Structure formats: structure tokens, C-alpha cells
Amino acid sequence: MTVTEYFTNIKDTATSIFEGMTITLSHLVRKPVTIQYPDRTPRPVKETLPDRFRGFLKVDMEICTACLACMNDCPIDCIKIVTKKDEALKERVLTQFDIDEAKCMYCGLCTEPCPTGAIHFTKEFEGATEDLSSLLFSFVPENQVIIPYKALKKEKEETVNA
Amino acid sequence: MQQLADKLIQHCALLQGLPHELTYLLVEIVFGSLMLMLFVAPFAGIISWVERRVAARMMDRIGPNRVGPQGFLQWLADGVKSLLKEDIVPSSADSFLFRLAPYLVFAGMFMAFVSIPFTSRVIIADLNVGIFYIIAVTSLVVIGILMSGWASNNKFSLLGGMRSAAQIISYEIPAGLAILVVVLMSGSLSLQEIIKAQGAHPWNWFIFDNPFSFCSFFILFISSLAEGNRTPFDIPEAESELVSGYSTEYSGMRFVFFYFEEWANLYLIAAVGVTLFFGGWQIPPSVREWAVGVHFVLPHILEFATFFIKAMSLVFVIIWIRWTLPRLRVDQLMAMCWQYLIPLGFVMVLGTATWIVLFPQGVPLVRYVLFSGTLGLFGYFFYRVVFHLRYTKAELQFNPFV
């Protein structure tokens, strides 16, 4: 190390510390960017989410066709659908439609093949719970059956009536 | 304190039977513990909150703001939480030394507080070797840290402890040299005498006395940062490489003792700096005369306020440096100490000695030039700050409370 280098080092240290400290001091008086989730946000966080947000899955049972496409497409088998032939109604009915949100990875592969858009994402994302089983959602009430939606048949009936 | 003890002996019949030394000891212990409870402990706690808030704002965050008004009681919540934690001693650690180490670290810091002045009269013990005593007892911290590192039986702790020992022992030399400059100028080791040798006005402070003492302050400041294990010299506990260094295996209250020491040390660094270079508690004589006329306690309140404001400004600078500079590597740390600070320290000692011989009364012009030069530097500093704010078109919020 030459004498010039020695004193250049000292000068560089002093000037760079000086400049660095002006930058940090300027940040001291800037407005904080913190979003104080969950209780001190200007608007509820759910309202600020984009439309295509992937939250919990929800099934609209009125238009579910029981085609099982979502169950077959799910890569981690978190959807369980059971159907049976109902003797009294002489029809195929849904007896169980469970989604285990604890397993779901929000890939969206179940929503894509759905012919009617019955299975879809909501904006619900706060899944913290003390009990994992509370994340298991059943869309068919226990000991009840739901008749699947039949698009083509209904349309035919409507045309006949007209 | 001795006068107070003498008065007590005169007025209290019970104390007259005892040897006088025992009374002095009792008075010192009582006032020492009172200061620990009433000043050092709350200060260390509150400064932890202040540091977190300042750090947060420098990172454009808010910081702790939930416990109490503006999060002010966060330090109490943290303390209570740590008290309730399980006290873990690793099974392979040396149990006795592991338990002893935090107390040594704590004692080393607290013993130094004994000779820190607050006002012209309020000081626990005005030792005639005051500053020398402070250098000596703060070395006890090294033993505590090395002991904690070694007794933990953990590689990270041991590395942290050894780095700390190397660092603190090295940096005591430039710190001692910088202190020697002040001792040369004041002719005394007593902290009260050093303050009395300075004036109330900034150009009468030791830092502006001559160019050599001006540089000495920076040498002392850098060395104190290194001795206090503060960033950018925090390699003993470097989170990114050593987990938490010497305090890795500690939990609960023993862990808090290390951090208590660190934050109380902030005040110690600042108080020593203010005492040696920034005129301590000195207030202008005219103000003092006016204050004495109002009430005999008022000058002491003013003196304490002066000292405390100066010390807090330095504490703020230390916190501010922590959030500005990156950590030095071990070799850079040693190079800085042995290649730069120690040679420069010797130059400053020789320079000051020569200056005192050449100008025994000091040179007022040099004092004014140094003082106004520093003011000019501050001016340029704030100009640069405003430049950065304008350049980034930042949204401003001057209110420290959110």
C-alpha cells in the first residue's frame, strides 16, 4: 500500500459513510409503506383483491352436473364426490361432495374442465385454524341427496312446453 | 457522595457506631442500586423501543406500535415474556460458567456507570482515576462474552466469543489513545475535572480545541462502537454467519442480560463521548446564575437536561449508523484497527502534545474555524438529504408517530 492509497482509503471511507448516512436520514422522514393487516387497513383486504384471486374453492350445487371432471383432474385428490342411483327418483344423485381445503394447492385445474362453472374460487383466504378438519367443506348436507343439473334435458323440456 | 455520607453520619446516631468506610460503602450500594433501577434499566428498555422504531422508519416501515400508546410499552411486554420463558442450560454446556457469564457481562457494563456524571454534583463516585476505571471495568465484558462462548459448547458460540475477544482487545488501544488526548488537554483522569476543563459554548469543547482532538473524537467513537459490539462491528453475533454468536445457546432472562448490556452500553458510549469531547453538563455561567436565583435544584435539572440531550443525540447517531453501514469482515476489522486507527491515534497524541506546548492558552481562531467548519458540514449534509428526497420525489411524513 502506497501513502497515496492509504489516505485515499481514509477519504473514501469518510465520504461514502457521509453519503450513506444522508440516504438513511432521508428515509427516516419518508412515509412508511406498511400495510397494517388485518385490522388497520383503510379498506378491508378482501375488497382490494383482484377478480381472478384464488381463495377457497366453492361449489354452486344448483348447477353442478356431477360429471366428476373436477375430482378426476385434481392432482392431489382433495375433492371427493360420491354418486348413486336413487331407486325412488329413478335418477343418479349426489350423496357426497367434499373439498379438503387443507390439502388444496390452489392450482385451479378443477375449475377449468367444469362445464357449468359450478366449482369456482372465492376471495376467502384466511384459513388459519386450530383444527384441520374444520377446513373440510361438505357441499352436500349429510343424509341428503342432490339431483345434478341436466342442461340438455331441461332445454328440451322447455322447447316442448313452448 | 462522600459529603452526603458525612452528613448522614452526623445526623444518624446509628451510623456513628459503625466504621466510616462501611457507611460510605452502604451509601454507594444504595445509590448504585437506585440508579440501576431508576435510570439504567428503564433507559435500556426504552432505547430498545426507540431503536426499533428508528430502524423501522429508516426501512420505510412503522415498527412496534401495538403494545401501549405507539407501542411504547413493547419493552415491558418483551421483558415479561422473557422472564416467563424456560431457563435452558444445554446438557453438554459447562453449567457453572454458562450461568455465570451473563452476570459478568452485566457487571462489567454496570460498574462503569458508577463514575458517569449526570450533573456537577450528581455522580455516584467521582473517582480521581474515573476514565481509567471505566476502561478497566468494561474489559470485564470481554471475559463474560468469551466465557459464554466457550461454556456453551457450540461452534457458533465459540467463534463469536473468540471474535469478540480479538475485537474488543484490539480496539481498546485506539480508544485509550483517543482518551489520552483528552487527558493531556485537561490534565486529569477524573470525569468531573475533564468536564470542568471545558466550556459551555461549543467552541470551548475539547472536540474543537485543535485539529488533533477533532480527529481523536472520531477515533474514540469508532473504537467505542467496536467495543460495544455495535454494527458495523457486530461480527461476534453476526446473525447471517454465526446464528447469534456467543448468545446462541441462551434463552429467557439470561439472553435478556446480554441485550440489556448492549443497550445500556449505548448510553455509556454516548456519555463517555459527551464527557470527554462535548463539554458534558456545562451550561453558560449567566444561565447558571439565573437558575440559582430561581431555585437551588434548577441548575442541576438544566445540567442534566444538557448532558442527556447531548448523549441522546450521540445515541441516535449510533442507532443511525447501525442501519446504514454493512458489517465489516474480520480481516477488514483488524486492518482498520491496526493499520488506520492505532497509527492515527499515536499521531493525534503527539500532535496534541505539541499543540499544548506551542499554544498553552489554545488558539481561539482555530476553535472558531473548526466549529464553523462542522456547522458547514452539517449544512451540506442536510442539503444532500433534501437532494435525495427531491430526487426520488418521496412522500414525506415528519410526524414520528403513526
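Just so it is clear: chains get the letters A, B, ... in the order the sequence lines come, proteins before strands, and each one is counted from 1. When reading the values below, keep in mind they use all heavy atoms of this one structure, side chains included, and skip hydrogens, waters and symmetry mates. Just so it is clear, the structure is predicted and the values come from calculations on it, not from any experiment.
- Proximity of A:L28 to B:W320: side-chain heavy atoms (C-beta onward) are nowhere separated by under 4.5 Å.
- Using a 4.5 Å cut-off between heavy atoms, B:I62 touches chain A through backbone and side chain atoms alike.
- Contacts of B:V386 with chain A are absent, with no heavy-atom separation under 4.5 Å from either backbone or side chain.
- Other residues, nucleotides and ligands place no more than 12 heavy atoms under 6.0 Å from the CD atom of A:E142.
- At a 4.5 Å heavy-atom cutoff, B:Y383 makes no contact with chain A through either its backbone or its side chain.
- When each of A:E19, A:R30, A:Q36 is scored by its heavy-atom pairs under 4.5 Å with chain B, the top score falls to A:R30.
- Proximity of A:T13 to B:M336: side-chain heavy atoms (C-beta onward) are nowhere separated by under 4.5 Å.
- The number of heavy atoms from other shown groups lying within 6.0 Å of CD (B:E395) does not exceed 12.
- Taking OG1 of A:T34 as the reference point, atom CZ of B:R57 lies at 9.5 Å (rounded to 0.5 Å).
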Please report the C-alpha distance between B:N65 and A:R40 in whole Å, then the side-chain angles of each, then the deciding distance to 0.1 Å, and finally whether the side-chain contact (heavy atoms from CB on, under 4.5 Å) criterion is met.
CA-CA 11 Å; B:N65 66 340; A:R40 291 190 195 168; 3.4 Å; yes
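- Considering every non-hydrogen atom in both A:I17 and B:L325, the closest pair reads CG1-CD2, 3.9 Å.
- More than 12 heavy-atom neighbours from other residues, nucleotides or ligands sit within 6.0 angstrom of NZ on A:K123.
- For B:F346, the CZ atom is loosely surrounded, since the number of other residues' heavy atoms within 6.0 Å does not exceed 12.
- Contact of the A:N9 side chain with the B:Q339 side chain is not registered, since no non-hydrogen atoms from C-beta on lie closer than 4.5 Å.
- Taking the side chain as every heavy atom from C-beta outward, B:L344 and A:I10 approach each other to under 4.5 Å.
- Between A:F18 and the choices B:F382, B:F381, B:F378, the ring-ring contact (aromatic ring centres under 6.0 Å, His included) rule is met once, by B:F381.
- The number of heavy atoms from other shown groups lying within 6.0 Å of CG (A:L109) is above 12.
- For A:I23, the CD1 atom is densely surrounded, since the number of other residues' heavy atoms within 6.0 Å is greater than 12.
- Heavy atoms of B:P343 lying under 4.5 Å from chain A belong exclusively to its side chain.
- Between B:Y391 and A:S26 there is no side-chain heavy-atom pair separated by less than 4.5 Å.
- Within a 6.0 Å radius of CD in A:E126, other residues, nucleotides and ligands contribute more than 12 heavy atoms.
- By the 4.5 Å heavy-atom criterion applied to side chains, B:R384 and A:M21 are not counted as neighbours.
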